[in-house]
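Everything on this sheet refers to the single structure shown next.
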Protein chains: 2
Amino acid sequence: MRPDLDTTLTQKNIRPTAMRLLVLDYLLNQTAAVSLNNLETYFMRSDRITLYRTLKTFEEKGLVHSIDDGSGSVKYALCPDDCSTEEHHDLHVHFFCNQCRETFCLPKSHIPEIALPENFKTEEVNLMVKGICSKCTR
Amino acid sequence: MRPDLDTTLTQKNIRPTAMRLLVLDYLLNQTAAVSLNNLETYFMRSDRITLYRTLKTFEEKGLVHSIDDGSGSVKYALCPDDCSTEEHHDLHVHFFCNQCRETFCLPKSHIPEIALPENFKTEEVNLMVKGICSKCTR
DNA sequence: GGATAACCTGCAACTGCATTGCATATTACC
DNA sequence: GGTAATATGCAATGCAGTTGCAGGTTATCC
Ligand SMILES: [Mn+2]
Ligand SMILES: [Mn+2]
Ligand SMILES: [Zn+2]
Ligand SMILES: [Zn+2]
């Protein structure tokens, strides 16, 4: 079903090194967006900087997108398939749970058109909703 | 017309010191949101930390609100009159100009209701639009 | 398969912004 | 004016992000 990790990387022009395959595998198994610190904690044996550059490479090549949720550290999550180096299609809402402090992509919640004053031109929209997530609600 | 600086502060339970009056006056004359660095540059003679704590106090007391525009440094802008220590009424859009790199409050652009998946509860919404502002358009 | 070039990784160091502690100065209040 | 509460200035620290460089690994060409 799911294409193998190696091809996922090469399709995005990312050389499939051992580290990158491990990070991709990790990302595929997350339900929430991850921070560099998350990776660092999980991959204790490896270098912080390499993980940092791995995320940066993934982002550049359109494999992940970054989310500034206001928590102080940037989060990363896998992109929908149609993202590329040239253009990120990330017009969905991001949600930060005030209780578990996890950040989620809500790809089904689309960002509405925003009416701006005259002569303001939109190039990018960032919509961050904060509240209580479904896991923490019950 | 505009109430004097001293009263503006005391009405919000902020002791009107010399520094605070100067900062308030400065804020009143801005069209864009200001960063700590902006203040530091403008008030060269005074201490960075004092300016920092001035902004923090203003924020706590509901005189200004902070804006995380993703630029790396937090911006501050005067609140509408009905903000208080207990509650900030800041449900407007913020705009970051990719050209002049200034951040504006757009109080007339209201944030629409966002449809979330089941069991997600909204407590706060942050809407950051990036693009080209009216000054930079022409 | 071996040589070369391109790329990746690990360590160290550095930046910028935010934040705190503490001693001194200023202000409010009796 | 005297005392307590608060504000200020200076120093130091934390933390996330970022860069330089040397050495290791991978791809590629012959
Ligand atoms: Mn997302
Ligand atoms: Mn605002
Ligand atoms: Zn939660
Ligand atoms: Zn502009």
Side-chain angles (χ1 to χ4, degrees), chain A residues 5-26 33-61 63-77 85 96 101 103 128, chain B residues 5-26 33-61 63-76 85 96 101 103:
Chain A
L5 303 176
D6 210 300
T7 2
T8 306
L9 291 183
T10 47
Q11 274 175 2
K12 297 272 182 183
N13 272 308
I14 304 169
R15 298 218 316 210
T17 67
M19 191 72 253
R20 289 169 176 177
L21 290 166
L22 288 171
V23 172
L24 174 57
D25 187 50
Y26 176 78
V34 305
S35 67
L36 177 56
N37 270 331
N38 292 149
L39 282 185
E40 210 182 334
T41 308
Y42 185 77
F43 295 105
M44 292 198 305
R45 316 288 313 218
S46 43
D47 186 53
R48 189 183 137 69
I49 313 297
T50 303
L51 294 169
Y52 167 74
R53 283 194 267 229
T54 300
L55 288 173
K56 281 297 197 190
T57 304
F58 283 9
E59 188 183 14
E60 263 168 38
K61 303 292 186 173
L63 182 58
V64 303
H65 61 279
S66 62
I67 308 158
D68 184 351
D69 59 10
S71 71
S73 60
V74 178
K75 306 285 168 58
Y76 296 85
T85 309
F96 179 80
R101 307 190 62 76
T103 299
M128 208 52 235
Chain B
L5 302 175
D6 209 300
T7 4
T8 305
L9 290 182
T10 47
Q11 272 175 2
K12 297 271 183 182
N13 271 308
I14 303 168
R15 301 216 315 211
T17 66
M19 191 73 251
R20 288 169 177 177
L21 291 166
L22 288 170
V23 172
L24 174 57
D25 187 51
Y26 176 78
V34 305
S35 67
L36 177 57
N37 270 332
N38 293 148
L39 281 186
E40 208 183 336
T41 308
Y42 185 77
F43 295 104
M44 292 197 306
R45 316 287 314 218
S46 43
D47 187 54
R48 189 184 144 69
I49 312 298
T50 303
L51 294 169
Y52 167 76
R53 283 194 267 230
T54 300
L55 288 173
K56 281 298 196 188
T57 304
F58 282 9
E59 187 184 14
E60 263 168 38
K61 303 292 186 174
L63 182 59
V64 303
H65 61 279
S66 62
I67 308 159
D68 183 351
D69 59 11
S71 72
S73 60
V74 179
K75 306 284 167 60
Y76 296 85
T85 310
F96 178 80
R101 305 190 65 76
T103 300

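Values in this document were obtained by computation on a predicted structure and should not be read as measured data. Residue numbers begin at 1 in each chain, while the letters A, B, ... track the order of the sequences.
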When the nearest nucleotide of DNA chain C is assigned to A:Arg15 and to B:Asn37 on a heavy-atom basis, which residue is associated with the more 5' position? A:Arg15
Of B:Gly72 and A:Thr17, the one whose closest nucleotide on DNA chain C sits nearer the 5' end is A:Thr17
[N] [atom2] sits how many Å from [X] [atom1], rounded?
X	N	atom1	atom2	result
B:Met19	C:dA25	CE	C1'	16 Å
B:Leu55	D:dA7	CG	P	14 Å
A:Ile49	C:dC14	CD1	C1'	11 Å
B:Asp6	C:dT27	CG	P	12 Å
B:Phe43	D:dT8	CZ	C1'	15 Å
A:Asn13	C:dC8	CG	C1'	16 Å
A:Glu40	D:dA16	CD	P	9 Å
B:Phe58	D:dT8	CZ	C1'	14 Å

Would you check if [X] and [Y] make a side-chain contact, meaning some heavy-atom pair closer than 4.5 Å?
X	Y	value
A:Thr54	A:Thr17	no
A:Leu51	A:Leu36	yes
A:Ile14	A:Glu60	no

Give a yes or no on whether a donor-acceptor pair under 3.5 Å exists between the nucleobase atoms of C:dG16, that is its base, and the side chain of B:Arg48. no
Test for a donor-acceptor pair under 3.5 Å between the base of C:dG10 and the side chain of A:Arg53, counting only N and O atoms. yes
Nearest-0.5 Å distance that lies between atom CZ in A:Phe58 and atom NZ in A:Lys12: 11.5 Å
Gap between atom CZ of A:Arg53 and atom CG of A:Leu55 - 0.5 Å precision: 12.5 Å
Short side-chain N/O contact from A:Lys56 to OP1 or OP2 of D:dG17, under 4.0 Å: no
Less than 4.0 angstrom between a side-chain N/O of B:Tyr52 and OP1 or OP2 of C:dA18, yes or no? no
Regarding the side chain of B:Asp47, the nearest nucleotide among C:dA18, C:dC11, D:dG9 is D:dG9
